[in-house]
Amino acid sequence: MTADLRERARELRARIEEANYRYYVLDEPTITDAEYDALMRELRELEEAHPELRTPDSPTQRVGAPPAKEFAPFPHRRPMLSLANAFSSDELRSFDERIRKALGEPYAYVCEPKIDGLAIALEYRDGLFVRGGTRGDGHTGEDVTANLRTIKAIPLRLRTPEAIAVPTELEVRGEVYLRKSDFEALNREREKAGLPSFANPRNAAAGGVRQLDPRATAERRLSFFAYQLASDVEGIRTQWDALRLLRELGFPVTPIARRCTSIEEAIAYCEERERLRDELDYEIDGVVIKVDALAHQERLGTVAREPRWAIAFKFKPREARTRLLDIVINVGRTGTLNPNAVLEPVQIGGVTVKSATLHNMAYIRNNDIRIGDVVIVTRAGDVIPRVVGPIVEERTGKERIFEMPDRCPVCGSEVDWPPGEALARCPNADCPAQVVERLRHYASRDAMDIEGLGAVLAEQLVTQGVVRSIADLYTLDELALARVPRLGPKSIANLLRAIAASKQRGLARLLYGLGIRHVGAQTAQILADRFGSMDALAAASPDDLQACEGIGPEIAESVALFFRQPANRTLIERLRAAGVVMTAPRRAAAGGPLSGKTFVLTGTLPSLTREEAAELIRSAGGSVASSVSKKTDYVVVGDAPGSKLEKARALGIPLLDEAGLRRLLDRR
DNA sequence: CCGCCTCGAGTTCT
DNA sequence: CTCGAGGCGG
């Protein structure tokens, strides 16, 4: 991979230098400017993503200084201020209190969504766009006029409004941003091209505006909203008027701004926008509340580079920046080596996140994640944190590229990682990490449901040497368990009772608990129904197995392999000797009220757990699937539903709430 | 052989 | 919940 990139970088440099030579020295250009720019762009991006590929003689270094220096300075006539932040409605109320005291007369607010993009100033002369720049430090930004010209949402010539005389010199401020849909498309394209994807739309937009080649900016499909008139215009006395004028001049202006006459109304607006934030095709991270009348704004003035007449209400963040302290390897129950991010603890959406999966090496490479990076972590949509990517600008050069170790970090076995496979594996079935994970899985709720035996106890039992095989569970006694630290007599008694009770779970859950590759809860149920007993299953040939609906060659071979292994044979005999039930109860007679119907559950139901609801459906003859498709008959929707609801709507599948499900169940 | 459908596996915090 | 991959129908 890295070798390929290195080779590509070398090739790009050679072609660029050849082109330079022919153009500057021989005066015989051989490629078009566009082709040349494309080569430069690819090389620059490659080197940005992989600074270790950068060489002192690279054509990208010919221009010398870092990109920030390559734009002309853009001094702001009026400083571009930053806003004070509020994180609660109480902070908004004290903001309002200060305004009320200072003004001593009635006033109104204008509330606008705070677009998560890049603030920009645009200068027009005689109605024509002349110059535009970034915010920079508030006093001086960067002149990015050429790039801004490529943004179609920015008018190059203003329209003539009715009844308002537009001054010769006009400055307009607003936000350049990237639509979520354009962001996703951009990342898909970059992935296809082997380039690292952007962490979020804002980074992609900010990067887009600061491209040295305006054509690269154009490719980003950037959008724009205007939100401030930074020049005095006759007849414009309020922010509300200013927004209307901006619209008449031909700028895109948010359609969801609202004028409020009290802070409570503004707070209600903030809450509403936070609730609806996902319905927009662009990211907003809060609401900006401004005192409406420009005369009031003037009286309130500015302190410490923040206007006293405006405040930003910030939504609960869904993403945060934090440092990736380390990448460690977790060994899964099937022996997979899963890279895990150790994060400097950070608050996201109300919880402290300090760890997140990195899935596999491909994920780490595709997103160019390195140890020591400042990374963006999200919890979008679901609960599970996700490391989206690094903030490349924060790199110090001390970041380390993570490599998969050659040996299992737990047992030291040589790692098995066949070329083309996504996951590396520890091949040692006796690896303590695998034993712990298998034990935990065996005891888990959907398998043998041994209450009290979770991750912590599983770990202790194995490290104390009390349990080395699942079968050892059934020979445990008080004496052996007394060796486990912090396990009192009461816990011991409860645990022994739970272990004894697990013997009655039946064949399907036992099969699932054994953790045979490719055999999950569903397949275990199919096998149990079809073969009825462990002995019948153990005697089945791969052909017998493949005769089952849903069992193909892969699963058949995996099951047969499991029963061929002597260690597994022994395990089963020991379980049998301990009295673990190895037969399946006769299948319930078909023909309930829901027979033949397929259900999918999403969200939290008011009075049933998901498992209880699934059990009710199955006992009435219906089946429960995990994803929505054309074959789904009903989707049962609870509180805080996930993406399945979207899919169901798209496919026009009937939706039920819990009450609706109960009505179906009661119909006989 | 391709595309759809379904299942398996891993996953965070309180 | 999401991704990847096995199973299966067209």
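Per chain, numbering begins at 1; letters A, B, ... match sequence-line order.
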*Asks:* B/dC13 phosphate, OP1 or OP2: any side-chain N/O from A/Thr352 under 4.0 angstrom?
*Replies:*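 Answer no for this pair, as no side-chain N or O of A/Thr352 is under 4.0 Å from OP1 or OP2.
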*Asks:* Using only atom types and a distance under 3.5 Å, with no angle test, would you say the side chain of A/Arg321 pairs donor to acceptor with the backbone of A/Val374?
*Replies:*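 Absent.
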*Asks:* Let me know the distance between OH of A/Tyr363 and P of B/dT11, rounded to the nearest Å.
*Replies:*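 Rounding to the nearest Å, OH of A/Tyr363 and P of B/dT11 are 13 Å apart.
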*Asks:* What is the separation between atom CD on A/Gln525 and atom P on B/dT6, rounded to the nearest whole Å?
*Replies:*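 Going from A/Gln525 (CD) to B/dT6 (P), I get 17 Å.
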*Asks:* Separation of A/Leu358 atom CG from B/dT12 atom P, in whole Å?
*Replies:*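 A/Leu358 atom CG is separated from B/dT12 atom P by 10 Å.
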*Asks:* What's the closest nucleotide to the side chain of A/Val353 if the choices are B/dC13, C/dG6, B/dG10?
*Replies:*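 Of all the options, the side chain of A/Val353 is nearest to B/dC13.
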*Asks:* Starting at atom CD1 of A/Ile526, determine the distance to atom P of B/dG8, rounded to an integer number of angstrom.
*Replies:*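 Checked: the CD1 to P distance equals 8 Å.
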*Asks:* OP1 or OP2 of B/dA9 sitting under 4.0 Å from any side-chain N/O of A/Asn338?
*Replies:*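 No, outside the criterion.
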*Asks:* So does A/Arg517 get a side-chain nitrogen or oxygen closer than 4.0 Å to the phosphate oxygens (OP1/OP2) of B/dG8?
*Replies:*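 Checking A/Arg517 against B/dG8: no side-chain N or O falls below 4.0 Å of OP1 or OP2.
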*Asks:* For residues A/Ser491 and A/Asn494, is any side-chain donor paired with an opposing acceptor at under 3.5 Å?
*Replies:*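 Looking only at side-chain atoms, A/Asn494 and A/Ser491 do not form any donor-acceptor pair under 3.5 Å.
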*Asks:* Should A/Asp446 and A/Arg509 count as an ion pair when the cut-off is N to O under 4.0 Å?
*Replies:*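 No, no charged N to carboxylate O under 4.0 Å.
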*Asks:* Is any side-chain N of the basic residue among A/Glu344 and A/Lys354 closer than 4.0 Å to the acidic one's carboxylate O?
*Replies:*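 No salt bridge links A/Glu344 with A/Lys354.
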*Asks:* Is any side-chain nitrogen or oxygen of A/Asn330 closer than 4.0 Å to OP1 or OP2 of B/dG10?
*Replies:*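 Result: no.
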*Asks:* Is any side-chain N or O of A/Thr336 closer than 4.0 Å to OP1 or OP2 of B/dG10?
*Replies:*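 Indeed, a polar side-chain atom of A/Thr336 lies that close.
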*Asks:* Kindly point out which of B/dC7, B/dT12, C/dG7 is positioned nearest to the side chain of A/Thr357?
*Replies:*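 Out of B/dC7, B/dT12, C/dG7, the nucleotide with an atom closest to A/Thr357's side chain is B/dT12.
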*Asks:* Is it the case that A/Asp529 and A/Gln525 place a side-chain donor and acceptor less than 3.5 Å from each other?
*Replies:*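 Their side chains do contain a donor-acceptor pair, which is all the 3.5 Å distance test asks for.
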*Asks:* If you only use heavy atoms from C-beta on, which nucleotide in B/dC13, C/dG7, B/dC7 is closest to the side chain of A/Gln522?
*Replies:*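 Out of B/dC13, C/dG7, B/dC7, the nucleotide with an atom closest to A/Gln522's side chain is B/dC7.
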*Asks:* Is there a donor-acceptor contact under 3.5 Å linking the side chains of A/Asn338 and A/Thr357?
*Replies:*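 Their side chains do not contain a donor-acceptor pair, so the 3.5 Å distance test is not met.
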*Asks:* Restricting to salt bridge (Lys or Arg N to Asp or Glu O under 4.0 Å), what partner residues turn up for A/Glu459, sequence neighbours left out?
*Replies:*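 In terms of salt bridge (Lys or Arg N to Asp or Glu O under 4.0 Å), with neighbours along the sequence ignored, A/Glu459 is linked to no residue.
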*Asks:* Given atom NE2 of A/His441 and atom C1' of B/dG10, what is their separation to the nearest angstrom?
*Replies:*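 Rounding to the nearest Å, NE2 of A/His441 and C1' of B/dG10 are 12 Å apart.
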*Asks:* Once you round it to whole Å, what is the distance between C1' of B/dG10 and CG of A/Asn340?
*Replies:*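 Atom-to-atom, A/Asn340 to B/dG10, this comes out as 10 Å.
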*Asks:* Among B/dC13, C/dG6, B/dG10, which nucleotide sits nearest the side chain of A/Arg333?
*Replies:*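 So the side chain of A/Arg333 is nearest to B/dG10.
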*Asks:* Does A/Thr334 make a side-chain N or O approach to OP1 or OP2 of B/dG10 shorter than 4.0 Å?
*Replies:*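 Checking B/dG10 against A/Thr334, a side-chain N or O does come within under 4.0 Å of OP1 or OP2.
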*Asks:* Among the nucleotides B/dG8, B/dC13, C/dG7, which one has an atom lying closest to any side-chain atom of A/Glu554?
*Replies:*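 The listed nucleotide nearest to A/Glu554's side chain is C/dG7.
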*Asks:* Salt-bridge test for A/Arg386 and A/Glu319: reply yes if a basic N is under 4.0 Å from a carboxylate O, no otherwise.
*Replies:*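 No salt bridge links A/Arg386 with A/Glu319.
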*Asks:* Rounded to whole angstrom units, what separation is found between the CG atom of A/Leu545 and the C1' atom of C/dG6?
*Replies:*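 To the nearest whole Å, that distance equals 15 Å.
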*Asks:* Between protein and nucleic acid, restricted to nucleotides 8-10 of chain C and to nitrogen or oxygen atoms under 3.5 Å apart, what atom pairs and distances do you find?
*Replies:*
residue: C/dC8; atom: OP1; partner: A/Gly550; partner atom: N; Å: 2.7

*Asks:* What is the distance, to the nearest angstrom, from the CD1 atom on A/Ile364 to the C1' atom on C/dC3?
*Replies:*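 So the two atoms are 16 Å apart, to the nearest Å.
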